[in-house]
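I have placed the structure first, in the form of structure tokens, so that the comments after it can refer back to it.
Since this is a predicted model, take the numbers as computed values, not measurements. By convention here, the first residue in the shown sequence is residue 1. As the structure lists them, so they are numbered: ligands from 1, and atoms in each ligand from 1.
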Amino acid sequence: MGRFHNLISIHDLTREDIDLILKTAAEMERLTGQWGRLLQGRIMACLFFEPSTRTRLSFESAMLRLGGNVLGFADVSVSSAGGKGETLADTVRTVEQYADVIVIRHPLDGSARVAAEFATVPVINAGSGAEEHPTQALLDLYSIWKLKGRIDGLTISLCGDLKYGRTVHSLGIALSRYDVRIRLASPPTLRMKPTIVQDMEQAGIEVTQTDSLIEAVTDVDVVYMTRIQKERFPDITEYDKIKDKFRITMSEVKRMRDDTIILHPLPRVGEIDPEVDPTPNAKYFEQVYNGVITRMAILRLILE
Ligand code: CP
């Protein structure tokens, strides 16, 4: 077994663990094209009970580039969990007979932890409800480290839907392992969970909260923008009221420092104007590539 068994929550990782993943990712990037067949003969199962483009395909790309094989489903309706009501526990106990590692995305908070309790093979959380998306946070940190040369000492704004956005929950927890300043910018109804703010403050992080996007983008090193998570709103009229309130356009970019980078976990649905894409600040498609590299590192540390 590798350095880690499961990867369920950023809460389970120390700063040393995270630094090891980032350094392994840097090593994977340095070895580009010379990865050999490190995971030859190993099989990864992707169980996606919710839609995904980047997370599933980048995990599959990472495994294939390392010489391994992949199987799974991208649409729960074609599985016995969707079509026949099979439990998550039984699905996991079945799939582990076919694969050496399970990557799971599920709409319920706590689902990845439950899957790990029933599995004997490692389980990787690829997004659990509105709760966490730890591998996204790790690729976000890798992107920041690679683009800014460090994480300690930076001022980072987390913007958009901080209530339902699972990527910002995991990233906020991960950043609290470092010496950073954090600005939390959202519409008032979509503020960050108080428990995560408390975790950050207890870790000694300076945290400020604002509902002004202009304040969030001014004089910071990183602007991390997120989508308003329409699918998690209990009342769609509430979504309609705020969906266009937080948008980065050229007007916001003009307020940024030249060296401010803009990241976004993607997909976006309008919160960053495509006019921003060609600016030197926009790094979100480079961030997508970092996802493959970081997931190669994670698979290697778990399986090699
Ligand atoms: N960032 C992210 O999780 O994207 P997908 O939903 O496309 O996997």
Problem - Residues in the immediate environment of ligand 1 (any heavy atom closer than 4.0 angstrom) - result: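 For ligand 1, the contacting residues are Ser52, Thr53, Arg54, Thr55, Arg105, His133, Gln136, Pro265, Leu266.
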Going by side-chain heavy atoms closer than 4.5 Å, which hydrophobic residues are tied to [X], directly or by a chain of links?
X	result
Ile242	Tyr164, Leu190, Ile228, Phe233, Ile236, Tyr239
Tyr98	Ile43, Leu71
Phe285	Leu213, Val217, Val220, Val223, Met225, Phe246, Ile248, Met250, Val253, Met256, Ile262, Leu266, Ile272, Val276, Tyr284, Val288

Handout entry: Side-chain (Arg105) to main-chain (Ala126) donor-acceptor, under 3.5 angstrom
Key = yes
Practice task
Take Tyr142 and Glu29, measure what side chain to side chain donor-acceptor pair (under 3.5 Å) needs, and give me the verdict at the end.
Solution key: CA-CA 11 Å; Tyr142 181 62; Glu29 185 154 12; 2.5 Å; yes
Practice task
To the nearest 0.5 Å, tell me how far Cys46 SG sits from Ile104 CD1.
Solution key: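 One gets 10.5 Å once the value is rounded to the nearest 0.5 Å.
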